[in-house]
S.K.: 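A single structure is presented below for examination.
These numbers come from a predicted model, not from an experiment. Lettering follows sequence order; numbering is per chain, from 1.
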2 protein chains.
Amino acid sequence: MGIGTVEDVETRELRYFVAVAEELHFGRAAQRLGMAQPPLSRAIAQLERRLGGALLERTSRVVALTPAGAVLLREGRAALAAVEAAERRTRRAAPGRAEVVLAVKAGASAELLAELLDAHAAEPDAVPVEVLLVGVGEQGAVLRDGRADVALLHRPYDDLTGLDVEELGTEGQVAVLPAGHALAGRTDVVLADLADLPGLPAPRWSGPAGRPDGSGPEVRDHAQLLQLVALGRTFAVFPESVRSQLGEGLTTVPVLDAEPVTTVVAWPPHSRSLAVAGLVRTALRL
Amino acid sequence: MGIGTVEDVETRELRYFVAVAEELHFGRAAQRLGMAQPPLSRAIAQLERRLGGALLERTSRVVALTPAGAVLLREGRAALAAVEAAERRTRRAAPGRAEVVLAVKAGASAELLAELLDAHAAEPDAVPVEVLLVGVGEQGAVLRDGRADVALLHRPYDDLTGLDVEELGTEGQVAVLPAGHALAGRTDVVLADLADLPGLPAPRWSGPAGRPDGSGPEVRDHAQLLQLVALGRTFAVFPESVRSQLGEGLTTVPVLDAEPVTTVVAWPPHSRSLAVAGLVRTALRL
DNA sequence: CGGTACCGATACCCACAGGGCATCGGTGGG
DNA sequence: CCCACCGATGCCCTGTGGGTATCGGTACCG
């Protein structure tokens, strides 16, 4: 607005800075960026002039972030993510592609998901919905980086920061066990009963951390986990609704002291498109 | 990642596109951007090639957004805001400047604010906090564009989309009236009593809309509004805690059917700096 | 129905910003 | 003390972003 708007920060400069700030080494950063080191040094220097302060402390032996640099690393990453999300969402808006991508943890909320898709398809203004199955913990990422528009996720397990959310329902949790297991006959258990079961180690979630990790086999999503339970290699603690999708050979036992799980529908704060709003409204009516 | 990463979108291109999409006119957009029309046309064409689809429908008489263009307008604005926020926050991180800026509606939550600042100053790791007084409805904007790091705001009045939030407390609302007013002696009132009071029109909030607008004098913030009430020009409906900051000549009467107001502390989702976290923690202990 | 005013696209040209290569200067380790 | 490492500097070049002139299509008006 007006004369003298010094000149704005370009995403290229942000990418350069983030690379250097992550590597803390101009040479390696330049290599990662596919360019030579001198222009990178100059670009950073120019960015520092433009922002009116040092971002990096260089002794010719070591590179470190200044406080301002630490701020720009955090904020710059977020800004770059926003730009990339904009790009992806625009690409996805090409004619002929599904208007809405719904991200769901593979193997979770199967019943709810089916209901939701049916209800949505029955709507008069129904737009095609693409379902994207992701691993546990990737939900937020996929939503934030523009690969999906809406997601079903679960409190308190999934990270909801920066997302807009509506609650769909809360349920208790049950242990999923091989039918023949010693605990399978119990009317209920507590978490302590499940810790260190002989021959039945807790599963370990791959991908971004966040939930308590066991020592057993590594799994990416609920579908994999259920399969491993059926094979007698581990157990699982899932929301009650998992019962509807269990085959032969698996039993469930209520876990009295497990936190209740709330299923929520979430979307990135700007993506208030009509299509997303419609899907959310449908979900809330279930 | 790897070879063939076609080339990324620059913020300059986003600014160009947003200008054209808002003006729906290449000439005016170019003028607004301080450049000539031809390079602008080319830049948009290049952006369309890069994103693999038309963003604008041009007949030589009228320019309109395609669906993809509408998406990019929404998402691009958000991305640009993120970049500008990154820039502002980095500038603010220069040594010697306050580490945390707390945005508060002028005239609101005075007591809570004082308590919070006192409590925070008493902390061992206390960093200087700058208080930014803003008009009603500007809270979110100020947080999102990087001028502030934390804000006190009020549900359900303020828009919390895209912000991370912790609740601080809920209170009922009272009507603030000139002491001599007819209703001032009542033990309680309902909202209907306040509608269309002879000679006492409801105030009108300037700035971004959102709350019910009256026909009376226009005000920017709570402080202005209280002043006008004292002058007998309007009335106000405020959270109970306003009582502590009323001078002579003003009375309060509980409003039975007014929605309770929840005061929350909010911050942008990435700005998880230690300083912000500390302030939030202090607020939660009050 | 022809003229004209308007608007985005095209053609052409220039300047400079961004990138490469060679080298310097400071610093810590052997 | 020398060498290896690393970021900064100097210098050159190319690509692209921007400017001016003009085209081509369309709607409006006399």
S.K.: Please give, in whole Å, the distance from D:dT9 P to A:F26 CZ?
M.R.: 11 Å
S.K.: Does the distance from a Lys or Arg side-chain N to an Asp or Glu carboxylate O, for B:R15 and A:E10, drop under 4.0 Å?
M.R.: yes
S.K.: Rounding to an integer number of Å, can you tell me how far B:L40 CG sits from D:dG17 C1'?
M.R.: 12 Å
S.K.: Toward the 5' end of DNA chain C, which comes first, A:T59 or A:A43, by nearest nucleotide?
M.R.: A:A43
S.K.: CD1 of B:I44 versus P of D:dG17: gap in Å, rounded?
M.R.: 13 Å
S.K.: Using the rule given for salt bridge (charged side-chain N to carboxylate O under 4.0 Å, His left out), can you reason through B:K105 versus B:D158, listing the C-alpha separation, both sets of side-chain angles and the distance that settles it, and then say yes or no?
M.R.: CA-CA 11 Å; B:K105 283 198 263 290; B:D158 294 312; 2.4 Å; yes
S.K.: Listing time: all N or O pairs from protein to nucleotides 20-25 of chain D that are below 3.5 Å?
M.R.:
none

S.K.: Could you grab the distance from atom CG of A:L55 to atom CG of A:L51, nearest 0.5 Å is fine?
M.R.: 6.0 Å
S.K.: Please identify the 5'-most and 3'-most nucleotides of DNA chain C with any atom under 4.0 angstrom from a heavy atom of chain A.
M.R.: C:dG18 to C:dG28
S.K.: Base, sugar-phosphate or nothing for A:V62? Non-hydrogen atoms, less than 4.0 Å.
M.R.: nothing
S.K.: Think A:S41 has a side-chain N or O under 4.0 angstrom from the OP1 or OP2 of D:dA8?
M.R.: yes
S.K.: Using 0.5 Å steps for rounding, measure from the CD atom of B:E13 to the CG atom of B:L72.
M.R.: 10.0 Å
S.K.: Go through the side-chain N and O atoms of A:T66 and A:E57 and say whether any donor and acceptor fall under 3.5 Å apart.
M.R.: no
S.K.: Could you state the atom-to-atom distance from CD of A:E23 to C1' of D:dC5 in whole Å?
M.R.: 17 Å
S.K.: Expressed as a whole number of angstroms, how long is the span from B:Q31:CD to D:dG19:C1'?
M.R.: 16 Å
S.K.: Starting from C1' on D:dT16, measure out to CD on B:E10 and report it in whole angstrom.
M.R.: 12 Å
S.K.: Go nucleotide by nucleotide along DNA chain D from the 5' end; which of B:R12 and A:L24 gets its closest nucleotide reached first?
M.R.: A:L24
S.K.: With a 4.0 Å cut-off on heavy atoms, is B:Q46 in touch with a base, just the backbone sugar-phosphate, or nothing at all?
M.R.: sugar-phosphate
S.K.: Does A:Y16 have A:R12 sitting over its ring (NZ/CZ under 6.0 Å from centre, angle to axis within 45°)?
M.R.: yes
S.K.: Please report the distance, rounded to the nearest Å, between CD in A:E48 and P in D:dG7.
M.R.: 13 Å
S.K.: Out of curiosity, B:E123 CD to B:D118 CG, how far, rounded to the nearest 0.5 Å?
M.R.: 12.0 Å
S.K.: With a 4.0 Å limit, can you tell me whether A:R58 has a side-chain N or O closer than that to the phosphate oxygens OP1/OP2 of D:dA8?
M.R.: yes
S.K.: Does A:R58 use its side chain to pair, donor to acceptor, with the backbone of A:A64 at less than 3.5 Å?
M.R.: no
S.K.: Would you say the side-chain atoms of B:D164 pair up with the backbone N or O of A:G162, donor to acceptor, closer than 3.5 Å?
M.R.: yes
